[in-house]
Amino acid sequence: MTESNFFTRAGDFLTGATGDHSGLITVLNEILGPITRKDQPTRLEARSKTPEVFDAVSQWQQQDKPPATTESMIRTLFSDAEIRRFSDETGLSAPAAMEILKEIVPLCARDRKKRQLRVPDDAT
């Protein structure tokens, strides 16, 4: 571990950065955009580039408390620029932002699917 990484991680620990989800959820919802209609794939389903990723997103949507995912999955679902945006807009270090994304993206998938199912059929 480099000295810079050590101080970044120490700062994240001392400030409780990895436990602060509020700003990151807002940025995540901004990036994913509005909830889609029932007859359309969710935004995360649409970002799924392989059947394996689509299956993982579908499993998250069906579980009340989906488990955290991997950094690899986050990097598959979001561009490098979007991942940097999570960090930049929340003031979190890149490692802290990634740790939170691994926790909240599956939860967000579940929440957004529930909200999608409540969208009226005539919504535009």
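Computed from a predicted structure; not experimentally measured.
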Separation of E99 CD from E71 CD (nearest 0.5 Å): 8.0 Å
Shortest non-hydrogen separation from S87 to S93 and the atoms involved: OG-C, 3.5 Å
Can you see which heavy atom on E89 is nearest to which on E30, and at what distance? OE1-OE1, 3.8 Å
First locate atom NZ of K114, then atom CG of D64, and finally report the distance between them rounded to the nearest 0.5 Å. 6.0 Å
First locate atom CZ of R75, then atom CG of L101, and finally report the distance between them rounded to the nearest 0.5 Å. 9.5 Å
Looking only at non-hydrogen atoms, find the nearest pair between E103 and A68 and report the distance. CA-CB, 4.2 Å
Looking at Q40 and A46, would you say the former's side chain and the latter's main chain have a donor-acceptor pair under 3.5 Å? no
Using 0.5 Å steps for rounding, measure from the CG atom of D111 to the OG1 atom of T42. 11.5 Å
Looking at T36, I31, N29, which hits side chain to side chain contact (heavy atoms under 4.5 Å, CB included) with R43? T36
V57 with L107, same ILVMFWY side-chain cluster at under 4.5 Å: no
Pair D80 + R84: basic N to acidic O under 4.0 Å: no
Write out all pairs satisfying salt bridge (Lys or Arg N to Asp or Glu O under 4.0 Å) with one or both partners inside residues 47-57, taking only residues at least two apart or from two chains. R47-E82
Taking the side chain as every heavy atom from C-beta outward, state whether L28 and F86 have any atom pair closer than 4.5 Å. yes
Scan residues 23-75 for pairs that pass ring-ring contact (aromatic ring centres under 6.0 Å, His included), counting only residues two or more places apart or in two chains. none
If you round to the nearest 0.5 Å, how far is OG of S58 from NZ of K113? 7.5 Å
In Å and rounded to the nearest 0.5 Å, what is the SG to CZ distance from C108 to R115? 7.0 Å
Counting only N and O atoms by type, is there a donor-acceptor contact under 3.5 Å from the side chain of S48 to the main-chain atoms of L44? yes
Looking only at heavy atoms, which two atoms of P66 and P106 are closest? And how far apart? CG-O, 3.4 Å
Please check if the side chain of T69 supplies one atom and the backbone of K102 the other of a donor-acceptor pair under 3.5 Å. no
